[in-house]
Amino acid sequence: MKNCMNCDTIGSDKNRMRADKDNNMDTRKEININDEYTTRVIDMTAPGEGICRCDGAAVFLPGGVTGDLVRLRIAALRRRRADGELLEILEPSPHRVSPDCPVYGDGGCGGCTLRHVDPDYGASVRENLIRAALRREGVRIACEDRAGDYGDCGSKRGVCGDSNGKSGDVRPILRTRETGYRNKVTFHIGSDGLIGFYAPSSHRILPGSHLCPLCPGIFGGIARFTMDAIASSLLPLPDGGGLELRISDAGFVRVILGVPAGYKGDLAPYAAAPVSEFGAVISGVLSAAADRRGRVEYNLLRGERWLDDTIGGVPMRLSPGAFAQVNREGAAHLADIILRYAEEYLTGGDAVSGGSIDDGHRIRKQYAPGDDSPVIADLYCGSGFFGLALAKRFPSARVYGIELNPDSIADAEVNRSFGGLSNITFFCGDAAGFSSRVGEKPHLVVLDPPRAGLSDAMTADIVSVLSPPVIVYVSCNPSTLARDLARLCAAGYALREVQPVDMFPGTEHVETVCLLVRRSGLHIDIDVDVEEMLQEKRGQATYPQIKEYVLEQTGMKVSSLYISQVKRKCGLEVGDSYNKPKSEDIHVPQCPLEKEKAIMDALKHFGMI
């Protein structure tokens, strides 16, 4: 048993990890698999792992909470870290709480990762997840300089702020209620007739998982009723099927019973039963089955096919399979933030930072188009939620939504008519083709891409073709968000505000809304793909290879802009439009000396200089 409370860096080989206790000392210590330590958890991750230091090695401990004094065993050694197994909590953290879920923890469904942490601290963990992602990509939140433009504050921490704390840092996360917040859930149906969520890496239903604390109580009641219906043969077992439940703001529930291909059971008796049991709150009962191509066909068994809902003040008529935010309160936060930013841009009002900032930190009115009919683009619009909210708030605006999924566009058209809005138009197609479909440039663009973020083509289209004065970026993935923000900032945009929203309390997930403003007079083209192809053709290291080498050797992240600057200094060929300003007198962030040296070392390593 070893005691280890404060150590530093790590290294590794196949069977053991070595670590310098002090970078200025030659003495090294080892950690090995099955070594046991008594140590304090010093930090934690959103996936619910505590972080400890054991003889200098970073050890990630599932179930650990910042402040715990624990006894642990080294369970695995990896390239840059070790994994620990929690043996005993000797002194619990003040942030540790008893989970409120019957299946939470080791062997649970895995949907929640922070239900053993008090909600306030869990929210701060998710805030820090965003800060860390921005830091890794070198993204800084801009301050407005004395000349009235947005400049970099020079912070070494990836964030900056004024003396009043009104801007610069990631803003405090907007909270939502911790339980019962999901308006939709899909349970699995097992071969034993149980309904709930799968155990990890299996198709075994976890008993009791239908009582998920994230869901309203009626969902658990309908799941229990359906299990009883299967047990009594009222419902022939749809083995491998599912039970989808969605509840409206008025409390009406739509039930969709997913059945496997080729299912021959009679669903009519079950279709009538929920209405008898739960009354008029059951708005409709449907069945759903997928064909060989994966296309889902819905069959109305009883009641209404559509579910009328109001989300964030926007009336929505939701078809079966339609996408809508699962946290109604969180969705209202998202809409409010987007409308706040748009209000500031279109009217010059006090929107940014909740209307409490001075004139020097506003989006200036000069960015406004100067007419009464601004153009707003809602890219990746889904069923039209954000675009509809904008069209409702700004009746004189011309709002366009584009979405690749034809079913979502059909829903958006229904929602447009349902809300009585005539100033919004929807298109089905790739978001990267917006300019060719609309034929005019937007003054404000809302981006809400999938978890993978923006494609290279979409980024290039936004920067080089659309070039909007203001971008509002909504993301559910901090890593791809930070990557895309780095690209947009390198292309002439200033990151003005970052607002997290706690859409999924108790889990590792967080939604983020970011405001970007085009720097006056600045435009830097992005041509990453062309440059990468040229590098490969020359037999030289590509930008990702150089970045990976620098990170591996120094632990520093370097941007493509910095690499191109160092390559130019060394006389190496760089694409004409690759991160190069069109005007020579425009300030472009310059590569710091320590990163320049690291890039030079990488170029030498790859034989390029």
Side-chain angles (χ1 to χ4, degrees), residues 100-102 176-189 193-197 208-232 234-236 238 241-259 265-288 296 298-332 383 385 411 414-415 418-419 503-505:
D100 58 355
C101 174
T176 61
R177 58 179 174 165
E178 297 292 321
T179 59
Y181 60 79
R182 290 192 67 95
N183 58 39
K184 177 192 173 186
V185 71
T186 301
F187 293 123
H188 301 292
I189 302 176
L194 285 179
I195 294 178
F197 299 123
S209 58
H210 66 289
L211 300 174
C212 175
L214 307 187
C215 300
I218 194 172
F219 284 6
I222 295 174
R224 177 71 266 172
F225 175 82
T226 305
M227 284 189 275
D228 292 342
I230 293 172
S232 66
L234 177 69
L235 173 64
L243 182 67
E244 178 187 303
L245 307 171
R246 183 186 285 277
I247 188 169
S248 72
D249 64 320
F252 294 104
V253 179
R254 182 175 60 199
V255 179
I256 300 179
L257 184 68
V259 297
D266 183 7
L267 298 177
Y270 172 77
V275 177
S276 301
E277 180 72 16
F278 296 97
V281 298
I282 304 299
S283 68
V285 181
L286 298 86
S287 66
V296 179
Y298 295 94
N299 180 34
L300 179 64
L301 302 175
R302 189 180 182 93
E304 299 292 332
R305 180 182 183 88
W306 301 84
L307 182 68
D308 291 347
D309 201 356
T310 300
I311 303 175
V314 178
M316 305 279 285
R317 178 159 283 181
L318 302 175
S319 69
F323 171 80
Q325 295 286 352
V326 300
N327 186 330
R328 189 174 289 103
E329 184 183 0
S383 299
F385 173 57
D411 285 334
V414 169
N415 291 326
F418 190 55
M503 292 283 288
F504 313 101

In terms of heavy-atom contacts, A322 and S383 come closest through CB-OG, 4.3 Å
What is the minimum heavy-atom distance between T186 and K184, and which atoms define it? OG1-CE, 4.2 Å
What's the shortest heavy-atom distance between R317 and W306, and which atoms? CG-CE3, 3.3 Å
Indicate the atoms forming the closest heavy-atom contact of L243 with A223, along with that distance. CD2-CA, 3.9 Å
By ring pair (Phe, Tyr, Trp, His ring centres under 6.0 Å), which residues pair with F187, not counting sequence neighbours? F197
Closest approach of P238 to G258 (non-hydrogen atoms, all atoms of both residues): CB-O, 4.2 Å
Here the gap from R328 atom CZ to S248 atom OG, rounded to the nearest 0.5 Å, amounts to 6.5 Å
Could you check if a side-chain atom of E329 sits within less than 4.5 angstrom of a side-chain atom of Y181, using non-hydrogen atoms only? no
As an exercise, state the distance from CZ of F252 to CG of D309, rounded to the nearest 0.5 Å. 11.0 Å
Does L257 reach the side chain of I189, with side-chain heavy atoms less than 4.5 Å apart? yes
Rounded to the nearest 0.5 Å, what's the gap from CG on N327 to CE on M503? Could you check? 5.0 Å
Flag side-chain contact, heavy atom, 4.5 Å: F278 against V253: no
Distance in Å, I222 CD1 paired with I282 CD1, rounded so as to fall on 0.5 Å steps: 4.0 Å
More than 12 heavy atoms of other residues, nucleotides or ligands under 6.0 Å from CD of E304: yes or no? no
Of all heavy-atom pairs between P505 and E178, which one has the smallest distance, and what is that distance? CB-OE1, 3.3 Å
Which distance, rounded to the nearest 0.5 Å, do you find between the CG of L307 and the CG of N183? 9.0 Å
Any side-chain heavy-atom pair from T226 and Y270 closer than 4.5 angstrom? yes
Any side-chain heavy atom of R254 sitting closer than 4.5 Å to one from P320? yes
If the test is side chain to side chain contact (heavy atoms under 4.5 Å, CB included), which one of N299, V285, L301 qualifies with L267? L301
When V185 is tested against each of L214, I247, L245 for side chain to side chain contact (heavy atoms under 4.5 Å, CB included), which residue passes? L245
Should F504 and V326 count as side-chain neighbours, where that means a heavy-atom distance under 4.5 Å? yes
Give, for atom CG of L300 and atom CG of L286, the distance between the pair rounded to the nearest 0.5 Å. 5.0 Å
Does F225 CZ have over 12 foreign heavy atoms under 6.0 Å away? yes
